[in-house]
S.K.: 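There's a structure below that I have some questions on.
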Amino acid sequence: MFGFLNIKGGSTLPMVLILLALVFGFVFYFQILKPGQVNEYEIAPSIRSSILELKNYKTLQFNFSLFDLPEFKSLRIFGEAPVKTAPSGKQDLFQ
């Protein structure tokens with residue numbers, strides 16, 4: 001069927017696959033096929049629009065009056081486990 005791929009002693013198909021892998025590796029490693037860029041360090045337009053959207057939050061204010069309500073102040077903590085203190089850090093090997 002693929003008589004041109006057969007040579008004396010074996011098939012050249014593995015050699016062709018290895019050659020293709022080397023060519024693709026070379027192209028990928030040296031970045032031969034780059035998209036056109038005017039400035040590598042230019043901020044993308046999508047990032048610029050995101051920064052402009054973040055400026056909308058500059059005037060954001062939170063209402064903390066919820067914490068002054070008697071219902072909130074009457075809440076209790078259940079199941080609090082105390083933390084046992086222990087020495088931390090490395091042991092001094094030369095003591």
Side-chain angles (χ1 to χ4, degrees):
M1 184 169 162
F2 293 104
F4 64 92
L5 289 179
N6 291 330
I7 57 173
K8 200 189 307 183
S11 175
T12 59
L13 184 62
M15 290 190 316
V16 170
L17 292 176
I18 291 172
L19 180 65
L20 284 175
L22 288 174
V23 168
F24 286 124
F26 180 80
V27 169
F28 178 77
Y29 183 76
F30 291 105
Q31 298 286 316
I32 292 174
L33 303 174
K34 282 187 180 179
Q37 295 177 347
V38 176
N39 185 0
E40 288 186 34
Y41 304 107
E42 183 179 351
I43 298 175
S46 61
I47 295 174
R48 286 185 184 157
S49 64
S50 299
I51 291 172
L52 293 175
E53 290 174 7
L54 286 175
K55 289 184 180 180
N56 294 336
Y57 293 105
K58 189 175 185 178
T59 59
L60 183 68
Q61 294 179 353
F62 293 102
N63 183 4
F64 293 106
S65 64
L66 171 73
F67 300 120
D68 296 331
L69 296 174
E71 293 86 6
F72 181 79
K73 290 184 177 184
S74 67
L75 293 175
R76 297 186 312 175
I77 298 174
F78 295 97
E80 183 178 344
V83 177
K84 296 179 182 177
T85 59
S88 62
K90 293 183 179 180
Q91 293 180 345
D92 188 5
L93 299 176
F94 300 105
Q95 260 188 350

S.K.: Nearest 0.5 angstrom please: L13 CG to M15 CE, how far?
M.R.: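 If we round to the nearest 0.5 Å, L13:CG and M15:CE are 10.0 Å apart.
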
S.K.: Determine the interplanar angle of the F67 and F64 rings, folded into 0 to 90°, and report it as parallel if under 30°, tilted if 30 to 60°, perpendicular if over 60°.
M.R.: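 Plane angle under 30°, so parallel.
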
S.K.: Are L66 and F62 connected in the hydrophobic side-chain network, where two residues link if heavy atoms are under 4.5 Å apart?
M.R.: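 No, L66 and F62 fall in different hydrophobic clusters.
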
